[in-house]
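Lettering follows sequence order; numbering is per chain, from 1.
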Amino acid sequence: MAKYDHKQIESKWQDIWETTRQNNTDLDAKAEKFYNLVMFPYPSGEYLHIGHGYSYSGADVYGRYMRVNGKNVFEPIGFDSFGLPAENYAIKKGVHPAVSTADNIVHATAQLKSFGCMFDFDKMVTTSSPDYYRWTQWIFLKLYERGLAYQKESPVNWCPKCVTVLANEQVIDGICERCETEVVQKNMKQWFFKITDYADRLDTDLDKVDWPNSSKLKQRNWIGKSTGVEFELEVVGVSEKISVFTTRIDTVFGMSYVVLAPEHALAKQLGEKSKEIAEYLQDTKSKSDLERQEGKEKTGVPAGVYAINPFNREKVPVWIADYVIGSYGTGAVMAVPAHDERDFEFANKFNLSVKEVIAPYFLDPVNKPKPEVETEKREVACMIVRNPKTGKYLCLKWKKAEWQSFPTGGLDEQTPEEAGRRELLEETGYKNLKFVEQLPWSCYAEFYRPHKKSNVVAHFHYVLFDLVNEETDGVEQSEKDTHEVVWIEKDGIAEYLNVWNQSYTWDRLTNRSKIHTEKGILVDSGEFSGLTSEEAKAKMAKWLEKKGIGSSKVNYRLRDWSFSRQRYWGAPIPVVYCQECGTVPVPEQDLPVLLPELSIDQVRPTGTGKGPLAGVPDFVNAKCPKCGGNAERETDTMDTFVCSSFYFLRYPNVGDDTEMFNPEITKKWLPVDMYVGGPEHVTMHLLYSRFVTKALYDSGIIGFDEPFMKLRHQGMILGPDGKKMSKSKGNVIVPNDIISKVGADAFRTYILFMGRFEDGGPWNPQGLTGVTKLLERVWKLSESQLLEDPENILVERLLNKSIKKVGEDIEAFRFNTAVPQLMILVNELVQQKQISKVTLEKLVVIMAPFAPYIAEEVWANLGNKNSVHVQPWPEYDVSLIQDEMVSIAVQVNGKVRDTLLVSADASEDEVIEVAKESAKVAIYTSGKKVEKMIYVKGKILSIVTE
RNA sequence: GCCCGGGUGGUGGAAUGGUAUACACGAAGGACUUAAAAUCCUUUGAUCUCACGAUCUUGCGGGUUCGAGUCCCGCCCCGGGCACCA
């Protein structure tokens, strides 16, 4: 009997599959196409790590499953080999990046082959090779043609260590994503792609794709769509007006000042006249983004001018402060400290007024308004009365409703103070009260009043009193019948009150730094008072439009994509600067603009703000394509994310030197059907790819505007120490050792078995044994004497169930539950004295996506000529999915007391009969009246007794 | 602070509102063996009990339900994303 020798099997089938071209997809085949894509690796280190193996294993199991379900699956792979990390690695090793990249690709390719994935190695792309990056440059030209690539002098993220500009997306908390150096702001002329033109479509089109919800949300947050209004304020004595953007126009009557960002034109203008302002502008300019983030202490200076609130003609001071971002909206905001945390903080620091214009609204969930009775509107005073002698507060316990509250009473044309005194006298008899204050906020509450049998929308005003003495005038019996007067300790109030608006007010009273930032009902807002925030937003926008000073507006947080890099290892930007013609793109037929071959010393970044190419006269000096005169080449290169933003379009066209895409092939094969990769790319690669796809769609080059129809993420495999793998921590696990020890089949199956695919987790080889046992058992089964006929009905049922479950689980990326099903099946088969050939064949087919090598070997050993990987997924027999006998739990009052084995199609009555005979059940039911019996077919019988 | 995930045995982890802890690892005991490895069998959430069995248990506290890991409300903790975006 032969031993299971994974090494021998793996090398044997790798060769055979290569010869038979099993995994080289015939792109012209008639069968329905399935483009199964994994994020291509970045060969910045010597080897791919275990996380790559994880991602590819999952994607490959899925791809293989699609193939045996009749799809013509295309599963390409390549290398994202341009860019900073590859260059940094090369420089560290003292090797030219072209050399180190080529070396790394050799290692990585060998690894990729060992994984046993059905990659089509004939269609590889390497983004750093000229026959690829000519198309990167071509994409640039296409975007440039549409006005989507432009140059702009602006503050950009500069990494002093990588000595280059970075995109916003590559700066994490003010730190360079790659080298973890603090990023500084530098004013430089840089290239940008106008991704902001697509902000809205990038947001709404997410509805078209099947992506994890969390990823859609992440992208939406990054795009940061925000709907509001933009309107103008006149400035007293200045001809310029200030435009502000706000999402809360409903709070406009609470505006107590206006803030300009230091970058605002008016701020600069005012700075010319005032030394104080000029100094402030200078101060904020020198702060790095990180400093601006860290020191969140608000700073600012008065601008010395006043703006006019168009709604109430009130004069409000203008301030200049760096808590307003110059590049967002209009760079100026209206400040409403009563309803915005930041404005509140600023107002507190600089002693600016705070005016409440939004009252919280409460719908009483206990005493809900009744639709059949009338609703009355009332202005109400709510009295908070303290007895200074005892420190207790006056509360009422209601007799006809479940209320425990402070006393309240209608205003009836009186002030809250007057109404409060009157009402307290009536309800409690207390007559000597000292008015303390009226709280600066009010609340609306809508509820049903059982004692008056009506609904009410009450607008509560809160008045504080101190009790001077306990003298009373007595209380009428009718008042005594409705409520009882109680005095409650200060600490007990929060618990005692059960009326929401009062609980809210008490909470705010004891914690005065709180403000109301939610929606509510407008107060003190002129003609808009009484409206809800939503109603007011619509009406106020109309009001502004009618006056011609404002309108609805949408803003996005997304910024344009800065893609020029002052580094060597990237695709040169195909542009020349001509003294006569200005900026001229290199014509398509002249592509690629080749990266000059330099010595390692010339490759090193310069730190001058220009890339190393600027020091290569042969490269720089060029002829203008337009006029033929002398011109200079652009010396910046493109960020690697440009290379990866379209590689999926190129894969099916690899080998075609005449055009980027063959329209026929592209139409047939794109968009990508399934894309697997890490969630860390959601706001970078995935966003950029969607943008480029949409731009090409708008150019009429391609006929689809979303590149990835389905997306699934693998989680991150951490080091054995539970920390993110990194060379410096020395916890990097390379799959090679594992594969050579236990084989690719065991590696793939185990890593997918470890946990949910999207979860990842620390690498722990302990459990590998379980999977190697599984494979060895299958091997042993294949070496045993096989039956010709199916063994028995029980085995058949389990087999059919397994076919169903494994298939469904793969389809849903639930690999970690598919593998256990295979284990259950194999364990059962091992228990059988003998198994049949048919059963073994079916087993091998359904485990083949996980363990392609052993499956193929066993399949061949069974005498099959064709590959197991093109065997159709077995059909399962629906009638064999359901067990004949099922075990039913019998619960008495919620506790399982017995389990019964009954026929699966047993009726409720039959099950009840059997349950009645159970002695265990009888212990809990005898002598008691059965009130209810609930039967869930095949699952449970629930008996409820008195 | 805001927005997403998540919290289940010693460990990785299962579980359309219906028998929580599948499957695997580890551990303990046993068989085979001169011995070990491999393999196979048994046990393995906790507590009480000689035992039959009982009680408790899915981060904490409430609620809905015949029945809650799962649904609702309020907290705590961990991971990720965004962060002065008006």
Side-chain angles (χ1 to χ4, degrees), chain A residues 172-173 212-222 224-226 228 230 244-249 251 259 261 292-293 295-298 321-336 339-343 345-346 365 517 555-559 679-680 682-683 715-716 718 750 753-756 758-771 773-774 776-777 780 814 816-824 827 830-831 886-900 920 923 930-945:
Chain A
I172 316 287
D173 296 330
N213 239 329
S214 58
S215 303
K216 289 188 181 185
L217 263 163
K218 248 188 237 174
Q219 238 181 43
R220 286 207 158 105
N221 286 341
W222 186 259
K225 182 175 181 170
S226 132
E230 195 175 303
V244 295
F245 171 73
T246 180
T247 55
R248 289 298 303 273
I249 190 66
T251 65
V259 193
R292 240 168 121 158
Q293 268 171 32
K296 281 207 176 157
E297 175 80 14
K298 301 259 183 305
D322 72 348
Y323 80 92
V324 170
I325 312 272
S327 53
Y328 182 77
T330 61
V333 302
M334 67 174 207
V336 184
H339 305 294
D340 183 281
E341 297 281 357
R342 298 151 301 181
D343 298 342
E345 199 189 315
F346 191 81
T517 56
N555 268 314
Y556 301 91
R557 220 184 56 97
L558 185 70
R559 302 295 147 86
E680 66 276 15
V682 166
T683 54
M716 193 187 291
L718 306 169
Y750 176 61
F753 169 69
M754 272 193 349
R756 274 200 300 238
E758 60 276 19
D759 282 359
W763 169 251
N764 177 2
Q766 252 193 7
L768 255 172
T769 324
V771 169
K773 267 188 205 164
L774 170 77
E776 267 169 23
R777 283 173 185 174
K780 254 192 193 161
R814 287 190 304 252
N816 61 321
T817 52
V819 176
Q821 187 63 38
L822 291 171
M823 288 172 168
I824 292 168
N827 289 349
V830 169
Q831 292 302 311
V886 289
S887 105
I888 304 272
V890 184
Q891 282 187 350
V892 183
N893 296 331
K895 288 206 165 131
V896 178
R897 296 302 180 182
D898 199 4
T899 54
L900 313 172
K920 288 178 187 167
I923 296 170
V930 173
E931 286 187 339
K932 220 191 225 183
M933 279 206 268
I934 296 144
Y935 176 61
V936 182
K937 198 164 189 292
K939 295 266 161 88
I940 205 160
L941 176 70
S942 184
I943 301 171
V944 187
T945 69

Item to complete: Find out whether the Lys NZ or Arg CZ of A:K298 is both under 6.0 angstrom from the six-membered ring centre of A:F346 and within 45° of the ring's axis.
Response: no
Discussion item. Looking at A:S214 and B:C4, is any side-chain donor or acceptor paired with a base atom of the opposite kind under 3.5 Å?
Written reply: no
Worksheet item: Think A:N764 has a side-chain N or O under 4.0 angstrom from the OP1 or OP2 of B:G13?
Response: no
Worksheet item: Is the shortest side-chain N/O distance from A:K920 to OP1 or OP2 of B:C52 below 4.0 Å?
Response: no
Worksheet entry | A:M754 CE - B:G13 C1' separation (whole Å) | 11 Å
Worksheet item: Hey, does A:Q831 reach any base, or is it just sugar-phosphate, or nothing, if we go heavy atoms under 4.0 Å?
Response: sugar-phosphate
Worksheet item: Taking the same atom, P, in B:U44 and in B:G53, what whole-Å distance lies between them?
Response: 13 Å
Discussion item. Applying the Watson-Crick and G-U wobble criteria at under 3.5 Å, what pairs with B:G5? Answer none if nothing qualifies.
Written reply: B:C78
Worksheet entry | Interatomic distance where CH2 belongs to A:W222 and P belongs to B:G81 [whole Å] | 11 Å
Worksheet item: Using the P atom in both, what is the distance from B:G6 to B:A27, to the nearest Å?
Response: 32 Å
Worksheet item: What nucleic acid atoms does A:V333 come within less than 4.0 Å of, heavy atoms only: base, sugar-phosphate, or nothing?
Response: base
Discussion item. Taking the P atom in each of B:U19 and B:U58, what is the distance between them to the nearest angstrom?
Written reply: 15 Å
Discussion item. Measuring to OP1 and OP2 of B:U16, would you say a side-chain N or O of A:R814 lies under 4.0 angstrom away?
Written reply: no
Fill in: Distance, P atom - from B:G59 to B:C48, rounded to whole angstrom
24 Å
